[in-house]
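Here's the structure, in structure tokens; my notes come after.
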Amino acid sequence: MRLSHIRKKGIGMIKDLYELAPDEQGVIVAIEGGRRHHLTDLGLRVGKRIKMVTRQPFKGPVVVQVDQVTLSLGKGLALKIKVEVA
Amino acid sequence: MGHPNVGKSVIFNRLTGADVISSNYPGTTVDYKKGLMRHKGTDIEVIDVPGTFSLEPRDKAEGVALTMLKDNPQARIICVIDASKLERGLYLALDLIEQGHPLVLALNMWDIAHDKNINVDAEKLSSLLGVPVIPTVAVSAEGLSLLMDTLLDAGTPGIAEVGKRLRLAGLMTSQACEGCRGCLLGKACGEIPEHLTSDERWAMVEQIAQRTVTVGHYRHTLKDAIGDYTVKPLTGTPFAIAVLYAFWSIFSTFSGLITDGFMVKAFDLYWLPWLQEWFPGGPGTWIYGVMVDLGHVKDGVWTASTTCLESFGVLTSGLYLEIGVVLPAVFIFYIMLALLEDVGYLPRLAVLMDTFLHKIGLHGYAVVPTILSLGCNVPGVEATRILETKKQRFVMMTILAIFIPCGAQIAIMHDVIPRYTGFVMAYLFLGYFVFGFLLNRVIPGTTPDIIMDVPVYQRPIMRDVRRKVAMRTKSFLKDAIPYVTLGILIVNILYSQGAIDALAKASAPVFEGWFGVPRQTAGPLLAAFLRKDLAIAQLSAIPMTEYQLITAIVLVSIYFPCIGTFFMMLKEGGKAFFGSLIVLICVAFTWVGLLRLVWNIMGVQ
């Protein structure tokens with residue numbers, strides 16, 4: 001599903017994963033960029049519920065939880081993951 | 001095979017009785033290791049490989065695993081899955097099944113999954129996949145004998161068979177399996193294509209997981225809370241500083257206590273006088289000089305040494321250095337390193353450090369090779385395999401070899417210049433960042449964003465910690481004793497032939513002119529190629545001022561990697577190694593020269 005498409009359908013608010021506040025949750029609606037398969041290999045894929053644990057300062061990485069698994073992702077990747085917040 | 005940090009090496013150790021290092025962070029294993037497992041009277045060869053997320057390598061360590069797989073297509077595979085992360089593990093397992101490898105599935109960390117209230121129906125999973133599925137807890141060896149028994153029945157059903165089984169189980173209806181081409185095309189599942197796309201495979205994983213996994217309510221435990229707080233910047237940063245400081249102070253207190261409180265006395269008051277009395281030949285003969293005591297000339301008279309450090313014999317200085325000073329230090333270092341590794345703290349430190357490390361062309365994961373290098377540079381350099389790009393590996397390897405002193409070196413420094421060890425370390429770490437920053441600017445290439453699992457904290461298993469410490473200590477002794485002996489022999493012989501004096505004279509302009517240290521520094525620098533700890537001890541015997549000694553020690557630290565690191569860099573870096581050497585020469589002249597400039601400006605000698 002294309003992002004623009006999702007926006008038109010108007011289902012909840014779409015944010016970049018990077019924008020989530022600590023402890024905020026959402027559902028992944030799209031993963032952009034070339035390293036998509038690296039993320040899916042770790043179980044990070046469209047339709048999964050994701051929770052922000054913390055964001056490091058100074059453009060640092062984020063720490064998130066998917067399926068009770070804790071992962072750390074660089075800022076660039078976190079900007080490419082689009083999340084729908086209920 | 002399996003993902004990183006699911007317990008492959010632990011299973012390997014338990015099956016074969018081998019000693020492979022295992023830790024609680026992804027990327028511990030970077031090379032394969034073979035071992036034999038005795039089962040029902042036959043020997044079966046078992047191979048431990050680095051973890052891999054998929055069958056497409058993303059770094060050199062994964063490449064090792066996949067090459068091994070390609071070279072042994074008929075090998076039976078124990079696919080190890082973290083039972084609490086079933087879905088992504090199944091994805092890899094399905095890929096392996098699709099490639100036609102016969103496999104057994106080990107659902108490891110069964111206890112952790114249980115703690116998290118995740119229940120997997122192993123029997124059903126086995127019937128759906130058509131391969132044996134064994135729940136295991138590798139650290140306590142649960143389920144491993146069953147794993148051994150079933151290994152020989154390992155089947156290779158093929159992906160179409162899995163599809164058929166799913167249909168039989170009423171799972172793969174044309175609605176349920178959205179992505180599966182077989183159903184979409186209106187074909188029977190027997191006609192499911194041999195190769196699935198990634199989306200199709202995930203659809204299959206989801207179908208299987210839905211039927212076999214039940215997730216109960218999960219309560220946030222204290223362990224999780226600590227896990228979160230130690231990775232959040234506000235609480236995690238002070239914690240990281242506390243951990244590193246504790247590491248350093250335990251290290252220096254403990255090693256100082258053993259060395260100064262016990263070893264110095266034992267060696268200087270008993271061992272040295274005993275040897276001086278009993279060693280055949282006595283003072284003056286060359287063998288006595290080389291093995292026991294070179295002595296020194298005071299007021300024109302040959303005088304015997306009173307401490308092991310200044311005697312410079314193989315049996316005195318050599319043994320004193322390695323057993324009296326370095327052994328207690330690396331021993332305590334290895335214990336703390338093992339605890340830090342097994343608890344699972346390193347990945348969290350990596351997250352906290354990621355931002356800074358990006359500035360020097362690396363990412364958070366560089367924490368792992370750096371900390372390993374503080375023990376010994378050789379495994380540190382080898383661990384650069386887990387970095388994704390050539391640029392990262394080059395930068396990491398270069399600044400590791402130049403700026404990170406190994407545990408043996410730190411121990412001797414602590415013995416020779418106790419008051420200034422902290423300063424030398426700080427100056428070296430500063431260099432690590434300064435030159436990392438410069439290299440990042442100069443070297444072409446990219447540094448990808450970090451993607452890393454942050455493992456759950458674990459209580460370290462004492463048996464594994466003991467084993468790991470024993471192994472590393474043994475390998476330290478195995479390397480250190482022969483090289484130190486060789487180093488002392490060579491240097492003593494060169495001294496007696498006047499070769500070192502000639503070298504010192506020839507290189508005097510560089511040492512005295514540029515670095516501001518005595519020309520005799522040339523001798524220890526020769527020895528530094530064999531062992532840097534030996535070189536620092538030799539420096540302490542040369543008459544010079546405190547500040548000159550600091551400069552000379554920094555020079556030894558930066559200067560040429562020791563022989564073990566040299567060959568590991570050559571193996572891992574190939575041609576890039578010569579680039580590292582050029583950087584090294586530039587750094588030695590600028591960074592050590594700068595230190596001399598600082599002394600000059602401060603007006604000290």
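Computed from heavy atoms alone, side chains included, the values below leave out hydrogens, waters and symmetry copies.
Within 6.0 Å of atom CZ in B:F433, more than 12 heavy atoms from other residues, nucleotides or ligands are found, so the atom counts as buried in its surroundings.
Contacts of B:L352 with chain A are made by both backbone and side-chain atoms, with heavy-atom separations under 4.5 Å. Proximity to chain A involves both the backbone and the side chain of B:P448, based on heavy atoms less than 4.5 angstrom apart.
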Determine which donor-acceptor pairs between chain A and chain B fall under 3.5 Å and list them with their distances.
residue	atom	partner	partner atom	Å
A:R35	NH1	B:D449	O	3.0
A:D41	OD2	B:S54	OG	3.3
A:L42	O	B:R88	NE	3.2
A:R45	NH1	B:E206	OE2	2.7
A:R45	NH2	B:E87	OE1	2.6
A:R45	NH2	B:E206	OE2	3.1
A:K48	NZ	B:E87	OE1	3.1
A:K48	NZ	B:E87	OE2	3.4
A:Q56	NE2	B:V231	O	2.7
A:Q68	O	B:K116	NZ	2.7
A:T70	O	B:V454	N	2.9
A:S72	N	B:M452	O	2.7
A:S72	O	B:M452	N	2.9
A:G74	N	B:I450	O	2.9
A:G76	N	B:D449	OD2	2.6
A:L77	N	B:D449	OD2	2.9

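Counting heavy-atom pairs closer than 4.5 Å to chain A, the top-ranked of the candidates B:V456, B:V231, B:I450 is B:I450.
Across B:V351 and A:V63, no two heavy atoms sit closer than the pair CG1-CG2, 3.7 Å.
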